[in-house]
A.B. asks: 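My structure is below; once you've seen it, I'll send some questions.
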2 protein chains.
Amino acid sequence: MNRVIEDYLKTIYDIHATEGKVTTTAIAQRLKIAPASVTGMLKKLARMNLVQYEKYQGVRLTSAGEQIALEVIRHHRLIELFLAQALNVPWDQVHEEAEKWEHVLSEEMEDRIDRWLGSPKTDPHGAPIPDKNGHIEEPPKVRLCEVVPVSRVVVAEVSDHDPELLRYLGKLNVYPGTSLEVVQVEPFDRSMEVRIGEQIRVLSALVTRCIWVTDVQALDA
Amino acid sequence: MNRVIEDYLKTIYDIHATEGKVTTTAIAQRLKIAPASVTGMLKKLARMNLVQYEKYQGVRLTSAGEQIALEVIRHHRLIELFLAQALNVPWDQVHEEAEKWEHVLSEEMEDRIDRWLGSPKTDPHGAPIPDKNGHIEEPPKVRLCEVVPVSRVVVAEVSDHDPELLRYLGKLNVYPGTSLEVVQVEPFDRSMEVRIGEQIRVLSALVTRCIWVTDVQALDA
DNA sequence: AATATAATTTAGGACAACCTAAATATTTTC
DNA sequence: GAAAATATTTAGGTTGTCCTAAATTATATT
């Protein structure tokens with residue numbers, strides 16, 4: 001399996017997980033490739049039995065395709081955590097590195113890194129790491145922007161794509177495991193007043209969309 | 001700079017260092033590519049001012065080409081040592097991994113690994129690691145097969161290409177830094193009787209060709 | 001020095017992954 | 001439900017890296 005195909009499969013998996021339906025255009029945008037090129041590649045992936053593809057209807061991974069996608073995602077997330085722990089790479093940088101390393105990691109090194117880390121369950125952004133058999137545990141979680149005040153929540157995962165966002169969250173002390181209190185929401189722009197430790201902060205909807213939380217508990221103010 | 005070009009430049013550097021003249025065929029053999037394809041690529045590299053190329057006359061790196069080659073080699077050797085030290089990867093496996101990782105290592109990670117290792121001077125096989133400016137310190141050394149008995153020598157470097165050879169040398173306890181005594185050479189096949197610690201072993205010419213030594217001291221038996 | 005052998009290059013082509021522009025299908029809007 | 005807007009596919013083309021077979025040049029042999 002080469003880099004290009006791995007990237008397509010991983011992207012399809014990711015869009016499916018976050019957006020639902022996987023369209024040609026969505027893939028094209030993420031991979032920064034013209035839609036016409038994506039169509040061609042989807043036909044090839046279908047021929048290889050890695051996706052189910054019907055013209056104009058979007059695309060779905062077959063179990064073979066999903067298997068490969070999960071392997072790449074496992075690589076990605078193990079590498080992210082390894083870089084963070086072994087080399088102290090800040091959490092806003094690990095994603096970009098892992099994007100490249102994931103494609104050159106042998107099974108042998110995957111195992112060694114996994115052992116070195118003690119078979120971790122999540123990466124530095126809180127995303128679950130699939131096991132060797134491609135089994136992934138996705139605990140139920142909602143976007144912070146969906147939570148209604150007044151509630152207490154625990155951060156489960158944050159989006160890893162934008163380094164700036166991650167540096168901002170780091171400054172706010174928002175990490176997986178951090179407990180937050182949603183104080184109130186401004187209806188106009190859906191910005192959110194949130195208590196983080198002792199601080200009260202206002203987070204824009206752009207930010208609250210990128211934070212997934214669990215253990216939502218309604219509080220009576 | 002992409003993978004392919006980096007591999008060509010690195011290979012040219014390597015052939016120059018070990019064999020002297022760099023021919024089309026030699027490159028083709030190492031890269032497992034047809035000679036005709038190499039000719040085409042050499043023209044391209046010449047257009048890019050990375051090599052000096054004259055038909056039928058072989059090829060030489062320009063300083064720009066050498067710079068890139070040394071960067072890749074630095075990556076390669078840092079990665080080899082890092083894998084060996086951080087993840088305990090045995091020395092016969094690190095080369096194959098590094099062949100892939102060297103092309104995806106960012107400057108930032110290169111620096112972090114270098115710092116983690118304490119700016120090492122040599123890789124697990126004894127090969128010198130170029131510094132960030134592309135300066136490489138090649139101490140004078142000769143192949144073990146060139147040494148005349150009776151001499152004491154110190155192993156400087158061993159070939160890293162063949163995992164089987166490395167496992168064999170490991171079993172014999174021959175590592176960079178190991179001291180050896182050349183007892184005698186059989187003229188027929190140039191096999192060599194060598195003292196390693198307490199043991200006396202006979203090494204074939206195939207093996208003694210792959211071991212470079214320094215500090216050759218004649219002994220009067 | 002002529003010839004045989006080996007190395008190298010030229011010519012022409014394959015293939016993967018991308019592109020743009022034009023055509024067609026689907027979805028949205030009125 | 002027709003028209004407009006959007007999404008998708010088709011057609012044709014480009015680029016990079018490789019290939020084989022044939023032609024050429026260099027080297028070795030007698």
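The chains referred to below are lettered A, B, ... by the order of the sequence lines, with proteins before strands, and numbering in each begins at 1. The model shown is predicted, which means the values in this text are computed figures rather than measured ones.
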A.B. asks: Which distance, rounded to the nearest 0.5 Å, do you find between the CZ of A/Arg209 and the CG of A/Leu203?
C.D. replies: 14.5 Å

A.B. asks: Checking side-chain polar atoms at under 3.5 Å, does B/Gln52 have a donor or acceptor matched by the opposite partner on B/Thr62?
C.D. replies: no

A.B. asks: Please write out each protein N/O paired with an N/O of nucleotides 18-22 of chain D under 3.5 Å, distance rounded to 0.1 Å.
C.D. replies:
from	atom 1	to	atom 2	distance (Å)
D/dC18	OP2	B/Tyr8	OH	3.4
D/dC19	OP2	B/Ala34	N	2.8
D/dC19	OP2	B/Ser37	OG	2.8

A.B. asks: What is the distance, to the nearest angstrom, from the CG atom on A/Leu42 to the P atom on C/dA17?
C.D. replies: 13 Å

A.B. asks: Under 4.0 Å from OP1 or OP2 of D/dG16: is there any side-chain N or O of B/Lys44 that close?
C.D. replies: no

A.B. asks: Any carboxylate oxygen within less than 4.0 angstrom of a Lys/Arg side-chain nitrogen, looking at A/Lys132 and A/Glu110?
C.D. replies: yes

A.B. asks: Mind calculating the distance between CE (B/Met48) and C1' (D/dG16) to the nearest angstrom?
C.D. replies: 11 Å

A.B. asks: Can you tell me the distance, in whole Å, between the CD atom of B/Glu19 and the C1' atom of C/dA7?
C.D. replies: 16 Å

A.B. asks: Just checking, is any N or O donor in the side chain of B/Glu80 or B/His76 under 3.5 Å from an acceptor N or O on the other one?
C.D. replies: yes

A.B. asks: Nucleotides 24-29 of chain C: which of its N/O atoms have a protein N/O under 3.5 Å away?
C.D. replies:
from	atom 1	to	atom 2	distance (Å)
C/dA25	O4'	A/Tyr56	OH	3.4

A.B. asks: Taking atom C1' of D/dT17 as reference, at what distance in whole Å does atom CG of B/Leu9 sit?
C.D. replies: 15 Å

A.B. asks: For the pair made of CG in B/Asp7 and P in D/dT17, what is the distance, rounded to whole Å?
C.D. replies: 11 Å

A.B. asks: Check whether any side-chain N or O of B/Thr39 sits under 4.0 Å from OP1 or OP2 of C/dT10, and answer yes or no.
C.D. replies: no

A.B. asks: Please give, in whole Å, the distance from C/dA17 P to A/Ile27 CD1?
C.D. replies: 15 Å

A.B. asks: Any salt bridge linking B/Glu107 with B/Arg112? Criterion: basic side-chain nitrogen under 4.0 Å from a carboxylate oxygen.
C.D. replies: no

A.B. asks: In whole angstroms, how far is the P atom of D/dT25 from the CD atom of B/Glu54?
C.D. replies: 15 Å

A.B. asks: Is a salt bridge present between B/Arg201 and B/Glu193, judged by a nitrogen-to-oxygen distance below 4.0 Å?
C.D. replies: no

A.B. asks: Please report the closest heavy-atom contact between A/Leu165 and A/Cys210, naming both atoms and the distance.
C.D. replies: CD2-CB, 3.6 Å

A.B. asks: Return the orientation label for the B/Trp116 and B/Phe82 ring planes: parallel under 30°, perpendicular over 60°, tilted otherwise.
C.D. replies: perpendicular

A.B. asks: Under 4.0 Å between a side-chain nitrogen and a carboxylate oxygen: does that hold for A/Lys121 and A/Glu137?
C.D. replies: no

A.B. asks: Return the value, rounded to whole Å, for the distance between atom CG of B/Asn2 and atom C1' of D/dT15.
C.D. replies: 12 Å

